[in-house]
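A short worksheet on the structure shown next.
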Amino acid sequence: MFEFLSELSLTDWVKYVVSLDEFKNSPAFVERFMSAVSRQYLSSTKAVQTSVGQVLTAENCVVTRTGLKRPSESYFKTVTLFDDLPTVKFENPKSVADSFLKALGVRDYVDLQVVFSRLADLKWDSDHVQLVKYLVSVQDKLSDGELGRLRLTSVFTKEQPELAADSTEKRPRFKASELYAPSETLRGLGLPIIDWPGKVKWRTGSDE
């Protein structure tokens, strides 16, 4: 059916295809379609790109590991903060250009609003270090408002040596400004120390 591309404008062809039942139900079909659109889109005029984008952003046109999703609901594979994110999963990853997916709105980081709403999903014995590394990796993409909210949000736990390693007791969280770096000198002063697992070395002066 992809011969329609030569008979219709790209926008009209896209509108036609997204109306088909197969588009709604077949990830394999959607991948072939998106591959064809990707090749044409990147060489099209800005006006055509805009009109095609307006159609596709409203459709479940991205194959992810949790099914077909809208671009704004999808994430690139490089986003690994949460295990259940709907990350892009085309059978042939190179068939659909990342630049095309990004233009449609596929996400390359998790919004802080989502991170904050899902803090309970992070296993605090290790994932908070992953969270810090993640935030460092996307710091240039965060708005001033997001950075300000991050500073004011109680995200981190403190060292509590009296708790058993396998304790299920709910632990309070603190702002970064309320905790101190893990050092013997600061521990000796009785200051609240950020909980930083021993298997991950704290490096003073690092981006984290």
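Put simply, F156 and L191 are part of two different groups of oily side chains (I, L, V, M, F, W, Y) that touch within less than 4.5 Å, one to the next.
Taking CE of M34 as the reference point, atom CD of E59 lies at 10.5 Å (rounded to 0.5 Å). Going from atom CD of E146 over to atom OG1 of T153 covers 11.0 Å, rounded to the nearest 0.5 Å. How far CG of D98 is from NZ of K77: 10.0 Å, rounded to the nearest 0.5 Å. The distance from atom CZ of R32 to atom OG of S95, rounded to the nearest 0.5 Å, is 11.0 Å. The line from OG1 of T11 to CD of Q49 is 10.5 Å long, rounded to the nearest 0.5 Å. Within the model, atoms CG of L152 and CG of L147 stand 11.0 Å from one another, a figure rounded to the nearest 0.5 Å.
Between R187 and E159, at least one side-chain nitrogen of the basic residue sits less than 4.0 Å from a carboxylate oxygen of the acidic one, meeting the salt-bridge criterion. Between D108 and K141 there is a salt bridge, since at least one side-chain N of the basic residue sits less than 4.0 Å from a carboxylate O of the acidic one. Electrostatic pairing of R70 and E73 does not count as a salt bridge here, judged by no charged N lying under 4.0 Å from a carboxylate O.
Atom CG of D21 has 12 or fewer neighbouring heavy atoms from other residues, nucleotides or ligands inside a 6.0 Å radius. Summarising the local packing, CZ of F174 is surrounded by more than 12 heavy atoms from other residues, nucleotides or ligands at distances under 6.0 Å.
Contact between Q113 and R149 at its shortest, heavy atoms only, is CA-NH1, 3.8 Å. D84 and T66 get closest at one heavy-atom pair: O-CG2, 4.2 Å. Smallest separation of non-hydrogen atoms from S74 and T64: OG-CG2, 3.6 Å.
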Quiz item: What's the verdict on side-chain contact (heavy atoms from CB on, under 4.5 Å) for C61 and F23, showing C-alpha distance, side-chain angles and the deciding distance?
Solution: CA-CA 8 Å; C61 61; F23 177 82; 3.8 Å; yes

Exercise. Please step through side-chain contact (heavy atoms from CB on, under 4.5 Å) for the pair L179 and D195, ending with a clear verdict.
Key: CA-CA 9 Å; L179 300 173; D195 189 19; over 6 Å; no

Exercise. Given ring-ring contact (aromatic ring centres under 6.0 Å, His included), test F100 with Y41 step by step and report yes or no.
Key: CA-CA 7 Å; F100 170 54; Y41 178 93; 4.9 Å; yes

Exercise. Tell me, with the steps shown, if F76 and V106 meet side-chain contact (heavy atoms from CB on, under 4.5 Å).
Key: CA-CA 7 Å; F76 286 106; V106 173; 3.7 Å; yes

Exercise. Go through the steps for Y134 and Y109 under the test side-chain contact (heavy atoms from CB on, under 4.5 Å), then give the verdict.
Key: CA-CA 9 Å; Y134 171 75; Y109 76 101; 3.0 Å; yes

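Two residues are said to be in side-chain contact when any heavy atoms from C-beta on lie closer than 4.5 Å; V63 and V88 fail this criterion. The shortest distance between side-chain heavy atoms of P182 and I194 falls below 4.5 Å. Side-chain atoms of Y180 and K158, non-hydrogen and from C-beta on, never get closer than 4.5 Å to each other. Looking at heavy atoms from C-beta onward, V14 lies in side-chain contact with L56 at the 4.5 angstrom threshold. Between R107 and V110, the closest side-chain pair of non-hydrogen atoms is not below 4.5 Å. Side-chain contact between S99 and L42: present, with at least one pair of heavy atoms (C-beta onward) separated by less than 4.5 Å. For the pair S44 and L10, the minimum side-chain heavy-atom distance is below 4.5 Å. Residues V17 and F29 are in side-chain contact: their nearest non-hydrogen atoms beyond the backbone lie under 4.5 Å apart.
Within the 3.5 Å criterion, the main-chain N or O of V18 finds a donor-acceptor partner in the side chain of K24. Between the Q139 side chain and the V136 main chain, a donor and an acceptor come within less than 3.5 Å of each other. Of the possible polar contacts, none joining the S26 side chain to the E22 backbone as a donor-acceptor pair under 3.5 Å is found. A donor-acceptor pair is defined here as one N or O able to donate and one able to accept, closer than 3.5 Å; such a pair exists between the side chain of S38 and the backbone of A97. At least one donor-acceptor pair under 3.5 Å links the side chain of E31 to the backbone N or O of N92. Side chain of S51 to backbone of V48: a donor-acceptor contact under 3.5 angstrom is found.
Ring-plane geometry between W13 and F33 is classed as tilted, the angle between the planes lying from 30 to 60 degrees on a 0 to 90 degree scale.
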